[in-house]
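Structure, as structure tokens:
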Amino acid sequence: MSSDVIQHVDLAVLGGGTIGLSAAYYGAAAGLKTALFEQYDFGNDKASSDGDSRMFRVMYSEEDMAQLAEASLGQWQEIEHYTGDRLLDRKGLLFYGLPASSVEGNLEQCAQVMSQMGIPYTRYSAEQLPRAYDVFKDIPKDYFGLSQPSGATILVKHSLHTFARLAREHGAHLLTHCKATIRPCKSGKGPYLIDTPKGIFEAKHLVLAPGAWSNPVLSQFGMQLNLTIWQMTVAYYKVDPHLKWPMWYEFGPTKNNQQQLFYGFPLLDGSHKIKVSADFTNNQYQDPSQCTYQPDPRILDQMSSFMMHRFKGVEPTPHDAICCLYTMSPDAQVVLDTLPGFENVAVLTGESGRAFKYTPVFGRILVQLATTGKSTYDISEFSIKRKGIIR
């Protein structure tokens with residue numbers, strides 16, 4: 001393929017994580033000639049869309065987030081029914097702990113939102129939790145729990161494979177190991193020229209979903225955002241498979257200026273292990289090149305201590321510890337908007353640890369934004385122009 005031949009596409013997607021693949025599918029399905037560029041491979045261990053599982057939930061402290069989650073659930077089910085692929089393992093979700101606010105919301109507000117919206121759930125007192133879930137021990141008296149049956153484990157590898165296959169079946173070109181560089185566009189109206197190892201592309205519309213590489217990509221537009229990359233630690237623990245292991249999230253107390261937030265998943269298929277993570281980090285960076293990709297031994301110790309204290313039937317040694325990257329905005333909310341000053345450019349960032357559950361609906365929204373400049377969904381909360389986002 002000659003590097004001096006310009007290939008014309010309607011829609012170019014930068015970033016082949018779960019949202020980029022979703023946008024490529026929805027763009028191609030809408031009849032747009034679509035190309036996606038991923039600098040590594042799908043599901044690589046350098047970014048945010050690898051691993052075995054992610055959490056789907058409709059339990060939110062904010063009604064608009066719960067509404068989007070319900071819309072996303074409908075799209076997940078559409079894709080499952082159409083393809084015959086199993087993407088969600090529906091075993092429900094248990095939130096429990098203190099009502100204090102956290103990066104994942106406020107437990108009492110979650111109950112209020114679900115009650116107001118008529119989302120079915122069950123509330124447990126501290127005394128009731130061990131009777132409902134026999135894995136628990138030593139539940140503090142000021143804890144309570146919320147169980148919601150729509151919660152599910154998203155099967156990550158299946159999801160990435162399915163959206164990639166759907167995108168290809170609808171005509172999208174998915175180019176891996178293909179780092180893309182956007183040439184400066186003085187007019188801000190496009191079309192946009194993109195240099196890649198596989199040729200030069202010209203695109204009428206752009207979707208930017210580069211995750212931790214957001215600021216390096218946005219620098220090509222003369223823009224930088226206030227983003228921090230969290231290097232998260234994940235591990236697996238051997239457990240007693242005869243106990244009732246839910247998908248769970250604990251909203252714990254603050255210790256040493258760090259709120260104790262831990263979460264875990266049900267048993268892996270055919271395994272006696274569960275996946276566990278802390279929803280906090282000691283390692284924050286401004287550039288992905290700074291990341292060590294080494295699990296934090298301090299957090300592993302905290303996770304093991306927590307697991308032994310809170311649950312029955314757990315072996316104390318963590319296994320297969322890995323890292324993943326969260327890209328976080330100052331208010332821990334997603335950025336999903338058009339790029340100021342550039343027509344037909346849509347951007348998603350600040351989404352890591354927040355957006356996998358929204359894979360289909362965010363993919364659709366990005367295509368809407370890139371092609372029409374607006375969305376039929378209420379995404380005002382995700383505005384790039386909100387205070388503190390643009391540097």
Side-chain angles (χ1 to χ4, degrees), residues 1-30 32-50 159-185 190-221 223 225 287-289 325 327 335-336 338-339 342-349 351-352 355 359 362-367 369-371:
M1 185 180 296
S2 174
S3 62
D4 59 356
V5 175
I6 296 179
Q7 302 165 74
H8 299 272
V9 297
D10 298 314
L11 176 69
V13 180
L14 272 66
T18 184
I19 309 293
L21 287 170
S22 173
Y25 162 59
Y26 284 103
L32 300 173
K33 187 176 181 181
T34 300
L36 178 146
F37 308 99
E38 165 56 45
Q39 64 177 332
Y40 299 115
D41 204 346
F42 304 134
N44 68 82
D45 61 1
K46 298 296 184 184
S48 306
S49 288
D50 64 328
S159 172
L160 296 176
H161 174 79
T162 294
F163 278 98
R165 175 166 57 85
L166 284 173
R168 290 191 180 101
E169 287 176 354
H170 286 79
H173 298 282
L174 307 182
L175 305 175
T176 57
H177 305 286
C178 189
K179 186 175 181 179
T181 302
I182 303 164
R183 295 187 186 181
C185 181
Y192 300 93
L193 288 176
I194 306 167
D195 293 305
T196 81
K198 299 181 181 180
I200 302 172
F201 291 77
E202 182 185 76
K204 299 176 183 177
H205 313 279
L206 291 180
V207 164
L208 309 179
W213 285 264
S214 291
N215 273 330
V217 170
L218 291 173
S219 67
Q220 299 164 55
F221 295 88
M223 182 176 297
L225 305 183
D287 189 286
S289 65
L325 305 184
T327 308
V335 176
L336 177 58
T338 53
L339 199 62
F342 295 90
E343 295 182 9
N344 304 327
V345 179
V347 62
L348 171 76
T349 188
E351 80 287 11
S352 303
T359 288
F362 278 5
R364 177 183 285 171
I365 288 171
L366 282 166
V367 174
L369 291 173
T371 55

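The first residue in the sequence is number 1, and the count goes up from there.
- Rounded to the nearest 0.5 angstrom, L36 CG and C178 SG are separated by 9.5 Å.
- Contact of the N215 side chain with the D287 side chain is not registered, since no non-hydrogen atoms from C-beta on lie closer than 4.5 Å.
- For the pair V335 and E351, the minimum side-chain heavy-atom distance is 4.5 Å or more.
- Here the straight-line distance linking atom CH2 of W213 with atom OG of S289 works out to 9.5 Å at 0.5 Å rounding.
- A203 and I194 make their closest contact through CB-CD1, 4.3 Å (heavy atoms, listed as atom of the first residue, atom of the second, distance).
- A pairwise comparison of heavy atoms in S49 and G17 identifies OG-CA, 3.6 Å as the closest pair.
- Annotation: side chain of L166 is in contact with side chain of E169 (closest heavy-atom distance under 4.5 Å).
- Side-chain contact check for T349 versus L208: every heavy-atom pair is 4.5 Å or farther apart.
- Contact between L160 and G43 at its shortest, heavy atoms only, is CD1-CA, 3.7 Å.
- Remark: K204 engages D10 in a salt bridge, criterion side-chain N to carboxylate O under 4.0 Å.
- Between the CD atom of E202 and the CZ atom of R183 there is a distance of 10.0 Å, given to the nearest 0.5 Å.
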Exercise. Test side chain to side chain contact (heavy atoms under 4.5 Å, CB included) on T34 and V367 and set out the steps.
Key: CA-CA 11 Å; T34 300; V367 174; over 6 Å; no

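- In terms of modelled atom types and a separation under 3.5 Å, the side chain of T162 and the main chain of S159 share no donor-acceptor contact.
- Here the CG-NZ distance, from L14 to K179, works out to 11.0 Å after rounding to the nearest 0.5 Å.
- Tested against I182 for a side-chain contact (heavy atoms from CB on, under 4.5 Å), the candidates F342, F201, F221 yield a single pass: F221.
- Taking each heavy atom of A212 and L325 in turn, the nearest pair found is CB-CD1, 4.0 Å.
- With hydrogens and angles disregarded, no donor-acceptor distance shorter than 3.5 Å links the side chain of H170 to the backbone of A28.
- For T359 and T18, the side-chain atoms include at least one donor-acceptor pair closer than 3.5 Å.
- Taking 4.5 Å as the limit, every side-chain heavy atom of V9 sits out of range of all side-chain heavy atoms of H173.
- Residues T176 and N44 fail the side-chain proximity criterion, which asks for heavy atoms closer than 4.5 Å.
- V347 is not listed as a side-chain neighbour of L225, based on a closest heavy-atom distance of 4.5 Å or more.
- Between atom CZ of residue R364 and atom OH of residue Y25 there is a gap of 8.5 Å, rounded to the nearest 0.5 Å.
- Here the side chains of Y26 and F362 are not in contact, with every heavy-atom distance at 4.5 Å or above.
- Here the CG atom belonging to L21 is positioned 12.5 Å from the CZ atom belonging to R165, to the nearest 0.5 angstrom.
- Of all heavy-atom pairs spanning R168 and F42, the tightest one is NH2-CE1, 3.7 Å.
- Taking every heavy atom of both residues into account, L11 and A370 meet most closely at CD1-CB, 4.2 Å.
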